[in-house]
Amino acid sequence: MKRLALCFIAVLFAMCLAACGGITESEVPPEEIKHDRIPMVMVDGVLYYDTGRESAPGPRCGTMDGEITSTVEAWEIPEKDCQSNFGVGYGYQYGAEGTIEVSMNDTWIIFKQRGENDEKTVAGGVTDEPSWIDWYNGIKKDDQNAVINVPANLAKLMGGGTGSVG
């Protein structure tokens, strides 16, 4: 009887191994893989893009000109005023011509309008990785945990191959 029970368990174990051997990761078609865009915010109908630069320290007005109140996914482009693709609750002030400065973790990050010849976000990720890294390191930890995609070439450096994090 013991021998029969052991054989039954061995057969059951072998069947489980065989069934698991057929499981593979589903492949996502490349056109469906989403990559985070460079951080951007829309204010007064204008898109401002993260420059990866901090504003020079110094005195500034204590009153915010506005606050980011809505967000879209990191791979989307904001379409409404006071909307970003990196989170909500950040105050901003108008900066020098064509810029706004967003308060993130006690640091003021400069966002700038782009002209026709300025660097753009491209399909498959961002072309300006230092800006993406500076942005990522400058956002709140909770917001970092919410980032589900990174530029593909940075994901490969981080050990991922698809552009996804975590």
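These numbers come from a predicted model, not from an experiment.
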Checking side chain to side chain contact (heavy atoms under 4.5 Å, CB included) against Ser84, which of Thr69, Thr71, Val102 comes through? Thr71

Just so I know, are the side chains of Ile77 and Leu47 near enough to count as touching, which here means a heavy-atom distance under 4.5 Å? yes

Mark yes when over 12 heavy atoms from residues, nucleotides or ligands other than Glu67 sit less than 6.0 Å from its CD; otherwise mark no. yes

Quick one: OG1 on Thr99 to NZ on Lys112, what's the gap to the nearest 0.5 Å? 8.5 Å

Let me confirm one number: the OH-CZ distance from Tyr49 to Arg114, rounded to the nearest 0.5 Å. 6.0 Å

Same apolar cluster (I L V M F W Y, side chains within < 4.5 Å links), Val46/Val41: yes

Quick one: CD on Gln113 to CD on Glu97, what's the gap to the nearest 0.5 Å? 8.5 Å

Given 3.5 Å as the limit, does a donor-acceptor pair link the side chain of Ser103 with the main chain of Trp108, or not? no

Between Asp50 (side chain) and Phe111 (backbone), is there a donor-acceptor pair under 3.5 Å? no

Does Ile109 reach the side chain of Tyr92, with side-chain heavy atoms less than 4.5 Å apart? no

Is the side chain of Arg53 donor-acceptor paired with the backbone N or O of Ile110 at a distance under 3.5 Å, no angle test? no

Here's a test for you: under side chain to side chain contact (heavy atoms under 4.5 Å, CB included), which of Met42, Glu73, Met40, Glu76 qualifies with Asn85? Met40

So, do Gln83 and Ile68 sit near enough that their side-chain heavy atoms are less than 4.5 Å apart? no

Determine, stepwise, if the pair Tyr90 / Asn105 fulfils side chain to side chain donor-acceptor pair (under 3.5 Å). CA-CA 9 Å; Tyr90 300 107; Asn105 299 331; 5.7 Å; no

For Ser55 and Glu101, test the side chains for any donor-to-acceptor distance below 3.5 angstrom and give the result as yes or no. yes

